[in-house]
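None of the values given here were measured: they were computed from a predicted structure.
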Amino acid sequence: MEQGIRIRTLIFLSLIFSGITGMQAQSYYTFPDSNAVWKSCEHPYPPGPMIWYARHWDDVIMGDTLINNLLYKKIGRIDYDVECSQIFTGPYYYTAIREDTVERKVYQYDSNGEWLLYDFSLELGDTLNTAIAYDLVAVAVDSVLVGDSFRKRWTYQYDEASTPIDVIEGIGAMTGLLEIMISFEHIYYLRCYYEGDEVVYINGVDQCDLEIDTCISVRVDELKPIRTFTAYPNPFTTSATIEYELEEISDIQFTVYNMIGEVVYKIEDRMMPQGTHKITWSPGHLPVGLYYGVLRSGEGVSVVKMVKQ
């Protein structure tokens, strides 16, 4: 009788643990097809305050391209000013990647041809042999909660003294989507990962959407924002009014970007007199989400966040 109870107990516990494992051992997560943003930065080692960031950028998906009869995703890059995050360039075409979902490998194509970027088929103790990996060894393999589901995670290390680097299915390395996976004099860091206008994964505490608006005094006159620049109502449903004030006659340009850096609306250069002006933006065809309105003039550059509901 006691033996039968023990057997049933073992079976019961086995079912419980297998259920827990099943919750975490999800199917393979592929990279997104569109509407994804990887926010990354680079800073010296050891880390300093925000002002010492060497670089600050976003990687975005810009659509499909065909290379050697293979379908790739174009990766664009948005570079932010080191000292004033409101000043940026891009998105511009940076590179292309493709994913083999059968082999669970991701390849990058650049001026040197195609080479392996990620290998999501590796097991504990395997070596990641890519051009940017420096033969990293998988010292741990587990799963991590991303959004509302678990994804497989690898922890790689170059040697015992090097900093471990995590890589997550469908997101990439915590050093950034396309950056070197080992730290030398500088550290590459993925701050957070977006899908659409939603933050899916934050790499660390309070590391997403950090403002780097530490404009040094010698550049204040050059980069000062336009005195009045607002959008209302905000959030809005059908249209938003953008109001700005010019201290003197100026040539202005107004551009609206979506979360992946695509231009969705633009007013080309036009000369405007001194005073208060309004722009009505009615993006009826665009999906709900977060948009950035950027106004450039002879007085400076200003950015306003607008939310369509």
[X] side, atom [atom1]; [Y] side, atom [atom2] - distance, nearest 0.5 Å:
X: Y72; Y: T95; atom1: OH; atom2: OG1; answer: 9.5 Å
X: M272; Y: H277; atom1: CE; atom2: NE2; answer: 4.5 Å
X: T276; Y: L246; atom1: OG1; atom2: CG; answer: 8.5 Å
X: Y194; Y: Y201; atom1: OH; atom2: OH; answer: 15.5 Å
X: Y188; Y: L190; atom1: OH; atom2: CG; answer: 14.5 Å
X: S297; Y: R270; atom1: OG; atom2: CZ; answer: 14.0 Å

For a side chain to side chain donor-acceptor pair (under 3.5 Å) check, start with the C-alpha distance between N129 and T127, then their side-chain angles and the critical distance, and finish with the verdict. CA-CA 6 Å; N129 297 303; T127 300; 5.3 Å; no

Indicate yes or no: does E179 engage R77 in a salt bridge with an N to O separation below 4.0 Å.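 Salt bridge between E179 and R77, a charged N being under 4.0 Å from a carboxylate O: yes.
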
Looking only at atom types and distance, does a side-chain atom of [X] sit under 3.5 Å from a main-chain N or O of [Y], one as donor and one as acceptor?
X: N234; Y: V307; answer: yes
X: D59; Y: L177; answer: no
X: E99; Y: F31; answer: yes
X: K308; Y: L286; answer: yes
X: Y118; Y: V167; answer: no
X: E103; Y: K105; answer: no
X: D100; Y: V102; answer: yes
X: Q309; Y: P235; answer: no

If you look only at pairs with a residue in residues 277-292, which of them pass as a salt bridge (charged side-chain N to carboxylate O under 4.0 Å, His left out), with sequence neighbours excluded?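 Of all non-adjacent pairs touching residues 277-292, none passes salt bridge (charged side-chain N to carboxylate O under 4.0 Å, His left out).
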
Test the R151-Y29 pair against the cation-pi criterion, namely NZ or CZ under 6.0 angstrom from the six-membered ring centroid and within 45° of the ring axis.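 Yes, R151 sits over the ring of Y29.
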
Hey, what's the ring geometry for Y28 with F120, parallel, tilted or perpendicular (30° and 60° as the breaks)?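 Answer is tilted, since the angle falls between 30° and 60°.
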
Describe, in one word, how the ring planes of W281 and Y265 are oriented to each other, choosing from parallel (under 30°), tilted (30 to 60°) and perpendicular (over 60°).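 Tilted, since the angle between the ring planes falls between 30° and 60°.
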
Between K73 and D33, is there a side-chain heavy-atom distance shorter than 4.5 Å?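 A side-chain contact exists here, since the closest heavy-atom pair is under 4.5 Å.
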
Within-4.5 Å side-chain heavy-atom neighbours: W38 and L178: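 No, side chains not in contact.
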
Would D110 and W115 count as a side chain to side chain donor-acceptor pair (under 3.5 Å) if you check the C-alpha gap in whole Å, the side-chain angles of each, and the deciding distance to 0.1 Å? CA-CA 9 Å; D110 55 23; W115 47 276; 3.1 Å; yes

Among the clusters formed by ILVMFWY side chains lying less than 4.5 Å apart, do L116 and Y109 turn up in the same one?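 In one cluster with L116: Y109, no.
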
Strictly by modelled atom types, are Y156 and D166 linked by a side-chain donor-acceptor pair under 3.5 Å?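 Result is no, nothing qualifies.
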
Within a 6.0 Å radius of atom CD on E198, are there more than 12 heavy atoms belonging to other residues, nucleotides or ligands?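 Incorrect, the count does not exceed 12.
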
Worked verdict on E243 versus T230 for side chain to side chain donor-acceptor pair (under 3.5 Å): CA-CA 5 Å; E243 183 175 315; T230 60; 5.2 Å; no

